[in-house]
Amino acid sequence: QVNLVESGGGLVQAGGSLRLSCAASGSTFSFNTFGWYRQAPGKQRELVATIRSGGAASYVDSVKGRFTISRDNAKKTVTLQMNSLKPEDTAVYYCRRGLYSGSSFYPAGGWGQGTQVTVSE
């Protein structure tokens with residue numbers, strides 16, 4: 001079982017940067033695929049980025065070139081570096097483990113408390 005705790009959110013002006021971290025527990029971290037989701041007020045949760053056990057990353061089009069997902073298997077952390085932030089990036093961000101079936105990512109386990117990211121004009 002892998003438990004995940006998100007941190008690093010905050011308030012930033014448009015064009016700024018934030019670095020989100022997801023701290024994991026459990027012995028199977030290095031074998032897991034992880035994803036970052038976000039949920040903006042009044043909107044459905046959206047998968048933003050994923051990183052596979054081998055390090056291959058994927059991103060939703062709206063964050064490509066601005067966000068970078070990475071992992072440190074020794075520290076059992078997954079990081080989301082967010083640059084050139086826009087007001088539309090405002091959301092609660094969640095880290096989830098999961099797996100791919102074909103090209104689709106399926107999250108596993110429960111939702112954590114998330115971390116709030118607010119980008120002002």
Side-chain angles (χ1 to χ4, degrees):
Q1 182 177 355
V2 178
N3 295 314
L4 304 171
V5 178
E6 306 95 338
S7 63
L11 173 63
V12 65
Q13 287 188 326
S17 298
L18 281 173
R19 187 178 180 89
L20 306 184
S21 291
C22 174
S25 62
S27 60
T28 61
F29 179 89
S30 61
F31 300 108
N32 279 272
T33 295
F34 292 93
W36 281 97
Y37 287 81
R38 66 185 179 187
Q39 186 168 23
K43 295 187 177 182
Q44 290 188 333
R45 279 188 178 125
E46 174 187 38
L47 179 62
V48 174
T50 64
I51 187 163
R52 299 182 191 238
S53 58
S58 65
Y59 304 90
V60 68
D61 285 347
S62 60
V63 307
K64 284 181 179 177
R66 300 189 298 123
F67 290 11
T68 302
I69 188 171
S70 60
R71 63 191 296 157
D72 186 329
N73 289 336
K75 295 181 179 179
K76 295 183 180 179
T77 58
V78 180
T79 299
L80 187 67
Q81 177 68 43
M82 306 186 297
N83 299 327
S84 302
L85 283 162
K86 304 176 181 180
E88 51 264 43
D89 295 317
T90 294
V92 179
Y93 284 71
Y94 302 87
C95 176
R96 294 289 300 277
R97 68 178 179 88
L99 53 85
Y100 270 95
S101 178
S103 61
S104 297
F105 178 75
Y106 293 91
W111 294 100
Q113 83 287 353
T115 185
Q116 175 70 49
V117 171
T118 303
V119 184
S120 62
E121 297 280 358

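For the numbers below, each heavy atom of this structure counts, side chains included, while hydrogens, waters and symmetry mates do not. This structure is a prediction, so every number in the text was calculated from the model and none was measured.
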Self-check item: Straight-line distance of Tyr93 OH to Glu6 CD, nearest 0.5 Å
Solution: 13.0 Å
Exercise. Might you work through the side chain to side chain contact (heavy atoms under 4.5 Å, CB included) test for Thr79 and Arg19, ending with a clear yes or no?
Key: CA-CA 7 Å; Thr79 299; Arg19 187 178 180 89; 3.5 Å; yes
Practice problem: Give, for atom CG of Asp72 and atom OG1 of Thr77, the distance between the pair rounded to the nearest 0.5 Å. | Solution: 4.5 Å
Quiz item: So which of Thr115, Thr90, Val63, Leu20 actually passes side-chain contact (heavy atoms from CB on, under 4.5 Å) with Arg38?
Solution: Val63
Quiz item: Is a donor on one side and an acceptor on the other found under 3.5 Å between the side chain of Arg71 and the backbone of Phe29?
Solution: yes
Quiz prompt | Heavy-atom closest contact (Ala91 atom, Ala40 atom, distance) | solution = CB-N, 3.7 Å
Quiz item: With a 4.5 Å limit on heavy-atom distance, are the side chains of Cys22 and Leu4 in contact?
Solution: yes
Quiz item: How far does CD of Gln39 sit from CD of Gln116, to the nearest 0.5 angstrom?
Solution: 10.5 Å
Quiz item: Between CG of Asp89 and OG of Ser84, what distance do you get to the nearest 0.5 Å?
Solution: 9.5 Å
Self-check item: Co-membership, hydrophobic cluster, residues Trp36 and Tyr106, 4.5 Å side-chain
Solution: no
Exercise. Evaluate the side-chain proximity of Val5 to Gln113: yes if any heavy-atom separation is below 4.5 Å, no if none is.
Key: yes
Practice problem: Give a yes or no on whether the backbone of Gly109 and the side-chain of Arg96 come within a donor-acceptor separation of less than 3.5 Å. | Solution: yes
Quiz item: Could you give all pairs that pass the ring-ring contact (aromatic ring centres under 6.0 Å, His included) test and reach residues 37-84, with sequence neighbours left out?
Solution: Tyr37-Trp111
Quiz item: Can Thr50 and Ser58 be counted as having a side-chain donor-acceptor contact under 3.5 angstrom?
Solution: yes
Quiz item: Are any of the side-chain heavy atoms of Met82 and Val12 separated by less than 4.5 Å?
Solution: no
Quiz item: So which heavy atom on Pro87 is nearest to which on Ala14, and how close?
Solution: CD-CB, 4.1 Å
Practice problem: Measure the CD1-CG distance between Ile51 and Asn32 for me, rounded to the nearest 0.5 Å. | Solution: 12.5 Å
Quiz item: Under the side chain to side chain contact (heavy atoms under 4.5 Å, CB included) criterion, do Val78 and Ile69 qualify, and how do the steps go?
Solution: CA-CA 7 Å; Val78 180; Ile69 188 171; 4.0 Å; yes
Practice problem: With rounding to the nearest 0.5 Å, note down the distance linking CG in Leu99 to CZ in Arg52. | Solution: 10.0 Å
Quiz item: Just wondering, do Lys76 and Ser25 contact through their side chains at under 4.5 Å, heavy atoms?
Solution: no
Quiz prompt | Atom CD of Glu88: over 12 foreign heavy atoms under 6.0 Å | solution = yes
Quiz item: Are Leu80 and Tyr94 connected, step by step, through hydrophobic side chains (Ile, Leu, Val, Met, Phe, Trp, Tyr) whose heavy atoms are closer than 4.5 Å?
Solution: no
Quiz item: Taking 4.0 angstrom as the limit, do Lys64 and Asp61 come out as a salt bridge?
Solution: yes
